[in-house]
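Heads up: numbering here begins at 1 and tracks the sequence. Remember, predicted model here, so these are calculated numbers, not experimental data.
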Amino acid sequence: MDVVSDAISVVHLGHPWSHRVRTSGSWCARLEPYDGAGFYVVLKGTCWLLTDGGARVTLGVGDAVLLPHGAGHVIADSPVDAAVAEEKAVPFEQWLGGTGPGARPDRNETEILCGTYWLDCSRMHPLMAELPEVVHLPSRVGSHLELRAAIDLLAGELDEIRPGSCVALPNLLDLLLVYMIRSWMTDATSGAWPGALGDPVTAAALRAMHSHPAAPWSNDSLAAEAGVSRPTLARRFTTLVGRPPMTYLTWWRVILAATMLRDTPETLATIAGRVGYGSPYALSHAFEREFGITPGRYRAQAAHRSAPTAGDRDQPREAAEAGHAGPGRPGPRVGAGAGAS
């Protein structure tokens with residue numbers, strides 16, 4: 001796999017959630033912070049976003065915004081400050097209940113695609129961690145064509161129930177996340193990881209490690225893959241990634257092991273072999289050094305966090321019938337007052 005795919009895969013949990021919102025008049029909704037990433041795409045009208053961190057974004061037709069760290073925020077029909085938001089905002093789920101395809105049409109309405117992804121933020125890849133609080137992708141003619149195509153497909157699926165929707169919707173949502181991150185990397189003028197993946201030497205070494213993590217890599221063999229000398233690789237890789245190649249490889253192998261412990265029933269010995277360790281003991285030692293917990297205890301805790309409820313198991317079917325991809329576990333944690341794999 002490549003770096004971006006791996007960075008998403010190791011944190012992505014459960015089914016994503018999405019909804020097509022149609023609303024009009026004066027409105028203001030608050031979504032509390034949650035463990036995941038969220039997005040909005042404006043299909044019609046305008047709206048305003050205010051995060052708990054103070055970021056303010058005006059969204060027009062075709063604009064997309066990604067909140068990769070689950071920041072608490074307010075979304076409203078007009079600009080608001082924190083004081084007004086605290087007074088006017090209703091919980092997001094309450095607001096959502098009065099919107100959607102069944103809402104009465106209005107020529108002045110605002111139409112939005114929104115959704116969340118449930119993420120395991122305990123071991124986020126630095127590429128994901130580097131994403132800003134808000135990734136704003138304004139609509140511009142000729143820009144982000146793949147993202148626009150994914151948005152159109154997703155909007156079409158949410159318009160009506162179609163054969164295969166239960167499969168199409170979550171996969172389109174995953175595609176949307178990839179394209180939003182790609183678009184950010186294309187537009188980024190700063191940040192370590194756009195630079196690292198744009199550097200042919202560093203990118204070649206990363207591609208080798210991510211494609212074959214269990215291979216017996218050394219600084220010399222990675223330098224050969226990149227077509228440079230060992231000192232050149234060490235200098236460029238460390239400068240751009242923030243750690244030497246072999247240190248990064250050790251960290252990545254342990255992250256992969258954690259993913260397998262969470263997502264598969266494989267034994268520790270099998271996992272050790274798949275991530276390049278000669279014995280379960282060697283992996284266990286490296287794992288505990290990184291996470292401060294034994295692999296067995298980590299697996300037990302991960303199973304507890306990931307265990308679906310009966311309602312969660314029924315969500316995808318019910319969601320398709322309702323015209324949206326079910327929230328399942330990725331849904332937002334909404335506060336009681338007016339305060340989403």
Side-chain angles (χ1 to χ4, degrees), residues 1-12 16-20 36-44 46-49 51 53 55-71 73 75 111-119 121 124-158 168-200 202-203 206-207 210 240-241 325 330 340-341:
M1 293 179 73
D2 63 276
V3 176
V4 174
S5 299
D6 275 337
I8 294 171
S9 296
V10 296
V11 296
H12 199 327
W17 168 95
S18 70
H19 197 81
R20 185 165 184 160
F39 72 88
Y40 295 96
V41 179
V42 179
L43 303 179
K44 181 180 178 182
T46 57
C47 59
W48 283 262
L49 183 80
T51 70
R56 299 170 183 267
V57 183
T58 303
L59 299 172
V61 175
D63 286 4
V65 63
L66 174 68
L67 298 126
H69 308 298
H73 61 276
I75 186 165
E111 189 172 348
I112 307 167
L113 294 180
C114 60
T116 59
Y117 305 87
W118 184 39
L119 305 180
C121 300
M124 190 167 282
H125 190 281
L127 184 152
M128 298 289 285
E130 187 178 75
L131 288 162
E133 180 186 47
V134 176
V135 176
H136 182 203
L137 301 167
S139 177
R140 292 192 295 266
V141 175
S143 68
H144 310 314
L145 298 181
E146 295 172 330
L147 175 61
R148 302 302 153 194
I151 289 169
D152 290 344
L153 287 169
L154 180 60
E157 285 293 331
L158 290 172
L169 280 169
N171 282 285
L172 283 171
L173 287 165
D174 288 344
L175 192 63
L176 185 68
L177 178 60
V178 171
Y179 285 161
M180 286 190 286
I181 293 174
R182 273 191 195 172
S183 297
W184 167 74
M185 293 180 65
T186 299
D187 293 347
T189 57
S190 61
W193 281 90
L197 295 178
D199 175 66
T202 303
L206 285 166
R207 187 164 51 249
H210 280 260
L240 292 170
V241 174
S341 19

Heavy-atom donor-acceptor pair, Arg56 side chain to Leu49 backbone, under 3.5 Å: no

Minimum side-chain heavy-atom gap Val4-Leu197 below 4.5 Å: yes

Polar contact flag, side-chain donor to acceptor under 3.5 angstrom, Asp2-Ser5: yes

Tyr117 vs Val11 side-chain heavy atoms within contact, under 4.5 Å: no

For the atom pair CG (Leu173) and CG (Leu169), what is the distance rounded to the nearest 0.5 Å? 6.5 Å

Would you say the ring centroid of Trp118 lies under 6.0 angstrom from that of His12? no

Nearest 0.5 Å please: distance from the NE2 atom of His125 over to the CH2 atom of Trp193. 4.0 Å

Throw together a table of side-chain donor-acceptor distances under 3.5 angstrom for residues 61-68, partners on residues two or more places apart or in other chains.
from: Asp63; atom 1: OD1; to: Ser139; atom 2: N; distance (Å): 2.8
from: Asp63; atom 1: OD2; to: Gly60; atom 2: N; distance (Å): 3.0
from: Asp63; atom 1: OD2; to: His136; atom 2: NE2; distance (Å): 3.4

Mind checking whether Ile8 and Leu177 have side chains closer than 4.5 Å, heavy atoms only? yes

Assert yes or no for the condition that the ring centre distance of His73 to Tyr40 is strictly below 6.0 Å. yes

Between atom CG of Leu147 and atom OG of Ser183, what is the distance when rounded to the nearest 0.5 Å? 4.5 Å

Scanning both residues in full, the closest heavy-atom pair of Arg140 with Asp187 reads NH2-OD2, 3.8 Å

In sequence, state the C-alpha distance, the side-chain angles, and the governing distance for Trp48 and Leu59, and then conclude on side-chain contact (heavy atoms from CB on, under 4.5 Å). CA-CA 6 Å; Trp48 283 262; Leu59 299 172; over 6 Å; no

What are the two closest heavy atoms between Glu130 and Pro194, and how far apart are they? OE1-CD, 3.3 Å

Heavy-atom pair with the smallest gap, counting every atom of Phe39 and Leu154: CZ-CD2, 4.3 Å

Just by distance, do the side chain of Tyr179 and the backbone of Ala149 share a donor-acceptor pair under 3.5 Å? no

Ile151 side chain reached by Leu113 side chain, heavy atoms, under 4.5 Å: yes

Heavy-atom distance under 4.5 Å between the side chains of Val135 and Met180, does that happen here? no

Determine the minimum heavy-atom distance between Glu133 and Ala55, stating which atoms define it. OE1-CB, 3.7 Å

Applying side chain to side chain contact (heavy atoms under 4.5 Å, CB included), can you list everything that pairs with Leu240, at least two apart in sequence or on another chain? Ala196, Asp199, Thr202

List the atom of His210, the atom of Asp6, and the distance in Å for their closest heavy-atom pair. ND1-OD2, 2.7 Å

Evaluate side-chain contact (heavy atoms from CB on, under 4.5 Å) for Glu157 paired with Leu172, printing each intermediate quantity in order. CA-CA 9 Å; Glu157 285 293 331; Leu172 283 171; 3.5 Å; yes

Any chance you could measure Leu176, atom CG, to Asn171, atom CG, to the nearest 0.5 Å? 12.5 Å

Nearest heavy-atom contact between Met128 and His69 is O-CE1, 3.2 Å

